[in-house]
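Quick notes on the structure that follows.
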Amino acid sequence: MPAQNVTKQNVTNRNVTSQSVTNQRNAANRKGAANGVRSASRVEYRPMSWDDIEAITQEFDRTWGRAEPTDSPQLSKMISRRFVLRYLAPSTSTRTACLDGRFMGVTLVRAVGQTPLFPRAEEELRELDRELALSDAGRHALHGMALQRDIDTQMEQDSGVDRDSDAELELFLVAADARGHGVGGGLWHAMLEDFASAGVQRFHLHTDSDCDMGFYDHQRMTRVAQRNISDADDTDLVLFAPEISRIYAGETEQILGDVQHMDRTETDHTETSHISRADHTAQPDNTRHSNHTAAVRKDGAR
């Protein structure tokens, strides 16, 4: 499995001044994401356009590219594009983060009963599958991804999450270059705000051991299903699927409330830090402030 470039950062800076700046920037980024405006650190949040697919594919390949076992960068790029198109095809809501015009992250969401935004993705996906089927390595990749999709679908049915959920987070990808800019938190908060506005009460997502699964535990989501890949599984599945696959589910109101509480806590801490510096009595802050970024990857998109 490739090393994951998407990171989880626990901000525990050495002095109160740098901690204060970080808190202000992350809170501003989350607020900017929810309002769809440019933040103080020049991170812009906007709906995705079709022209963004290439940048998303490049970052996906950079993060999860399958150079092995294919040993072909070109094939790895094709597989990454297939994943992106598979997540995009059913998506009804999108949000992209950019920093000075550079891609920094994206969320793709499928809400029940809403019309997909990019019907063209299905056509592109079929064409890409035809290209992949022209080589032995491509056919093995398609077989492995199909098996993983079957597993994901079975996990949904067994857990009942496919019946209870109003929406699914298809893809949550944050670029390695976004580290320290609050992009992951901004995208997550914006998605929750969108859910609340649209009346989405419960949502779910698929993730795996190639991602930062702990992020969703930190967000107090519930793990409703897990499946481990074993040596007894099909060879193509072992080669192309992650070691552990999970489904998490959560209540929008509860999780959004936790995020808003964290924002208030950071604001209170910032104000306290200003007072402490004025009195020249600042002490190190050992409170854990988490700026998690994570990613969802699933080939079970419908």
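Note that these values count all heavy atoms, side chains included, but never hydrogens, waters or copies made by symmetry.
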Can you name the side-chain contact (heavy atoms from CB on, under 4.5 Å) partners of [X], sequence neighbours left out?
X: L147; value: H143, D234, L237
X: A196; value: T252, L256
X: Q114; value: T92, A111

Please round to the nearest 0.5 Å and tell me the distance separating atom [atom1] of [X] and atom [atom2] of [Y].
X: S76; Y: R81; atom1: OG; atom2: CZ; value: 14.0 Å
X: S165; Y: H204; atom1: OG; atom2: NE2; value: 5.0 Å
X: R102; Y: E44; atom1: CZ; atom2: CD; value: 13.0 Å
X: R82; Y: D129; atom1: CZ; atom2: CG; value: 4.0 Å
X: M145; Y: R86; atom1: CE; atom2: CZ; value: 9.5 Å
X: S135; Y: Q74; atom1: OG; atom2: CD; value: 9.5 Å

Would you name the heavy atoms of [X] and [Y] that are closest together and state the gap between them?
X: Q219; Y: I255; result: O-CG1, 3.7 Å
X: R110; Y: P90; result: CG-O, 3.4 Å
X: A167; Y: V200; result: CB-CG1, 3.8 Å
X: M221; Y: F203; result: CE-CE1, 3.6 Å
X: A133; Y: L142; result: N-CD1, 4.0 Å
X: V183; Y: A97; result: CG1-CB, 3.6 Å

With sequence neighbours excluded, tell me which residues meet salt bridge (Lys or Arg N to Asp or Glu O under 4.0 Å) with [X].
X: D177; result: R62
X: R227; result: D233
X: E127; result: R130
X: R126; result: none

request  = Evaluate side chain to side chain contact (heavy atoms under 4.5 Å, CB included) for L125 paired with E122, printing each intermediate quantity in order.
outcome  = CA-CA 5 Å; L125 186 59; E122 287 285 2; 4.2 Å; yes
Under the side chain to side chain donor-acceptor pair (under 3.5 Å) test, residues paired with [X] that sit two or more places apart:
X: S93; answer: none
X: R120; answer: E124
X: D51; answer: none
X: Q154; answer: D158

task = Kindly indicate, with the supporting measurements, whether the criterion salt bridge (charged side-chain N to carboxylate O under 4.0 Å, His left out) is fulfilled by K77 and D61.
result = CA-CA 6 Å; K77 184 74 172 294; D61 195 56; over 6 Å; no
Would you say [atom1] of [X] has more than 12 non-hydrogen atoms from neighbouring residues, nucleotides or ligands within 6.0 angstrom?
X: E123; atom1: CD; value: no
X: E253; atom1: CD; value: no
X: R220; atom1: CZ; value: no

Side chains of [X] and [Y], heavy atoms from C-beta outward: is any pair under 4.5 Å?
X: L117; Y: M48; answer: no
X: T57; Y: S80; answer: yes
X: M155; Y: V224; answer: no
X: E168; Y: D162; answer: no
X: L187; Y: T96; answer: no
X: L169; Y: W188; answer: yes
X: I244; Y: N228; answer: yes
X: Y216; Y: T207; answer: yes

query = Taking it one step at a time, do M104 and V43 satisfy side chain to side chain contact (heavy atoms under 4.5 Å, CB included)?
reply = CA-CA 8 Å; M104 289 287 113; V43 178; 5.7 Å; no
Pair listing, salt bridge (Lys or Arg N to Asp or Glu O under 4.0 Å) test, anchored in residues 195-204, at least two apart =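 Residue pairs with at least one partner in residues 195-204: R202-E251.
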inquiry  = Please determine whether side chain to side chain contact (heavy atoms under 4.5 Å, CB included) holds for the pair W64 and F83, giving the CA-CA distance in whole Å, both sets of side-chain angles, and the decisive distance to 0.1 Å.
reply    = CA-CA 10 Å; W64 294 297; F83 274 115; over 6 Å; no
Test applied, side chain to side chain donor-acceptor pair (under 3.5 Å); reference residue, H206; option that passes from E156, R246, Q148 =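 Single side chain to side chain donor-acceptor pair (under 3.5 Å) partner of H206 among E156, R246, Q148: E156.
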inquiry  = Could you walk me through whether I53 and F118 satisfy the side chain to side chain contact (heavy atoms under 4.5 Å, CB included) test, starting with their C-alpha distance in whole Å, then the side-chain angles of each, then the deciding distance to 0.1 Å, before giving a yes or no?
reply    = CA-CA 11 Å; I53 290 181; F118 298 96; over 6 Å; no
Shared hydrophobic cluster, V84 / W50 (ILVMFWY, side-chain heavy atoms < 4.5 Å) =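 Both belong to a single hydrophobic cluster.
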query = Would you find a donor on one side and an acceptor on the other, under 3.5 Å apart, between the side chain of S209 and the backbone of E243?
reply =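 Checking the backbone N and O of E243 against the side chain of S209, a donor-acceptor pair under 3.5 Å is found.
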key: Criterion side-chain contact (heavy atoms from CB on, under 4.5 Å) against V106, the qualifying member of V174, L173, L88   =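 The passing option is L173.
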